[in-house]
Amino acid sequence: MKKINKILAANRSEIAIRIFRAAEESGMRTAAVYSKEDRFALHRFKTDESYLIGGNKGPIQSYLDIESIIKIAKDANVDAIHPGYGFLSESPEFAEECIKNDIIFIGPTPQILNKLGNKTEAIKVAKEASIKTIPSVLIKDQKNEELEKVVSKIGYPVMVKASWGGGGRGMRVINSANDLFEQIKIAQSESKKAFGKDDVFIEKFLEDVAHIEVQILGDQHNNIIHLYERDCSLQRRHQKIIERAPAHFLNTDIRNRICKAAISIGKKVNYVGAGTVEFLYDENNNFYFLEMNTRLQVEHPVSEMISGLDLVQEQIKVARGEKL
């Protein structure tokens, strides 16, 4: 069992405060980082210690500055780092740097992040688990003419998506070949700014479907559980507006099959930590693997309300080596 006395939240605002609360309730000290633009932000004052990161970098790039965050963590004698969501939360490079510097990364291993944090790699894992996936194509190294042919075969409308990260950034619906390359460039730019990487891919855009996500939790002893599903179909600009649980339109059989599929994907990589497996569900009772968020999500309190568990505290326990 690893000892954690102090946790640093490598994030800002609401999620940083959420991490501090869970840590303090567990008897741990906390540390915050903040960009110069966030010097008066509330999360800086809801913690035991706070440190400026990024120097003259912009407000987003500051929170993507791995070197600066690791240095502060070491100087402050931090035992563990919680990445929150967004920014570096699904970065295998960040998780690797934590491990190299003898700091516990409260999240999946770098190997798991490479397999499931990257959406195109996650699709491969889902196929290995015999879960239906949506037709897609990786853009990297594709020549324009070849890409046009493949996308045409998939059939418009399609969606270009960032391979890393989430929150609706780097996502664009493309309705015709005329918009293909312009929308790809815009998506790459958005992805680069938000996640530090411009890898994008294209998949078939399914209309009139429900968006279902299953909260899972795995420990370091190969135990994985699910905390049932959330219905996140009500969205605007690919951003979830309202989430609810349970998804009232799922019958017991479909609910069990979707939750079982989520567990099987987690088991394929011996998943560790909190994660969300996302599916699209159509009117014919078919469901398709969409992606996996290898991190805590904004909407995690919905699952906390129906399960009675504090997911951030569970993440901390798992990171220490406790069994579920």
Side-chain angles (χ1 to χ4, degrees), residues 2 4 6-13 15-16 18-20 22-23 30-35 38 43 47 50-55 57-122 162-167 169-170 190-199 218 220 269 271-276 291-298 300 312 315-316 318-320:
K2 298 172 184 174
I4 300 178
K6 189 192 292 186
I7 291 177
L8 181 143
N11 218 297
R12 65 182 296 278
S13 194
I15 185 56
R18 171 74 185 87
I19 294 163
F20 299 151
T30 61
V33 291
Y34 62 94
S35 67
D38 276 346
H43 78 275
T47 181
S50 61
Y51 302 92
L52 176 68
I53 53 167
K57 291 184 178 179
I60 294 175
Q61 291 306 313
S62 293
Y63 293 100
L64 294 172
D65 189 341
I66 294 175
E67 186 179 344
S68 180
I69 293 170
I70 293 292
K71 184 179 185 308
I72 286 166
K74 290 175 72 176
D75 290 346
N77 294 316
V78 162
D79 303 299
I81 292 178
H82 194 306
Y85 44 68
F87 296 126
L88 295 168
S89 61
E90 295 181 279
S91 167
E93 294 84 5
F94 184 44
E96 189 68 56
E97 283 302 310
C98 287
I99 293 167
K100 279 183 189 175
N101 287 278
D102 202 26
I103 298 167
I104 297 168
F105 180 76
I106 301 178
T109 64
Q111 294 77 16
I112 293 171
L113 290 170
N114 272 313
K115 283 188 176 179
L116 290 175
N118 181 306
K119 295 181 178 67
T120 54
E121 291 300 312
S163 295
W164 299 91
R169 294 173 180 85
E190 288 178 352
S191 177
K192 182 73 174 175
K193 287 176 184 173
F195 313 116
K197 299 179 183 180
D198 64 359
D199 299 349
Q220 298 177 33
V269 297
Y271 192 81
V272 175
T276 301
E291 63 188 43
M292 181 163 183
N293 298 134
T294 50
R295 55 176 168 80
L296 197 68
Q297 282 191 287
V298 177
H300 73 274
V312 181
Q315 285 183 295
I316 295 168
V318 163
R320 283 168 43 183

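All heavy atoms count here, side chains included; hydrogens, waters and symmetry mates do not.
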Exercise. Run the numbers on D75 and Y51 for side-chain contact (heavy atoms from CB on, under 4.5 Å), then give the verdict.
Key: CA-CA 10 Å; D75 290 346; Y51 302 92; over 6 Å; no
Self-check item: Between D38 and Y63, a side-chain donor and acceptor under 3.5 Å
Solution: yes
Hey, are the side chains of [X] and [Y] touching, using non-hydrogen atoms and a 4.5 Å cut-off?
| X | Y | value |
| --- | --- | --- |
| I70 | N101 | yes |
| L116 | P108 | no |
| I106 | V312 | no |
| Y85 | N293 | no |

Exercise. List the steps, then state whether side-chain contact (heavy atoms from CB on, under 4.5 Å) holds for K100 with E97.
Key: CA-CA 5 Å; K100 279 183 189 175; E97 283 302 310; 3.5 Å; yes
Can a donor-acceptor pair be found, under 3.5 Å and without considering hydrogens, that links the side chain of [X] to the backbone of [Y]?
| X | Y | value |
| --- | --- | --- |
| D79 | I104 | no |
| H43 | V33 | yes |
| T47 | S50 | no |
| N118 | N114 | no |
| K2 | A319 | no |
| S62 | P59 | no |

Mind listing the closest non-hydrogen atom pair of [X] and [Y] along with its distance?
| X | Y | result |
| --- | --- | --- |
| V272 | I112 | N-CD1, 3.7 Å |
| A23 | I7 | CB-CD1, 4.0 Å |
| S89 | L113 | O-CD2, 4.3 Å |
| G86 | N11 | O-ND2, 4.3 Å |
| T30 | K6 | N-CG, 4.3 Å |
| E90 | G117 | OE2-CA, 4.1 Å |

Quiz item: Testing R295, Q315, R18 for side chain to side chain donor-acceptor pair (under 3.5 Å) with H300, which one passes?
Solution: R18
Quiz item: Residues in ring pair (Phe, Tyr, Trp, His ring centres under 6.0 Å) with F20, at least two apart?
Solution: none
Self-check item: Qualifying residue, where the test is side-chain contact (heavy atoms from CB on, under 4.5 Å) with F87 and the options are L64, D65, I15
Solution: L64
Exercise. Quick one: list whatever passes salt bridge (Lys or Arg N to Asp or Glu O under 4.0 Å) with K74, sequence neighbours left out.
Key: none
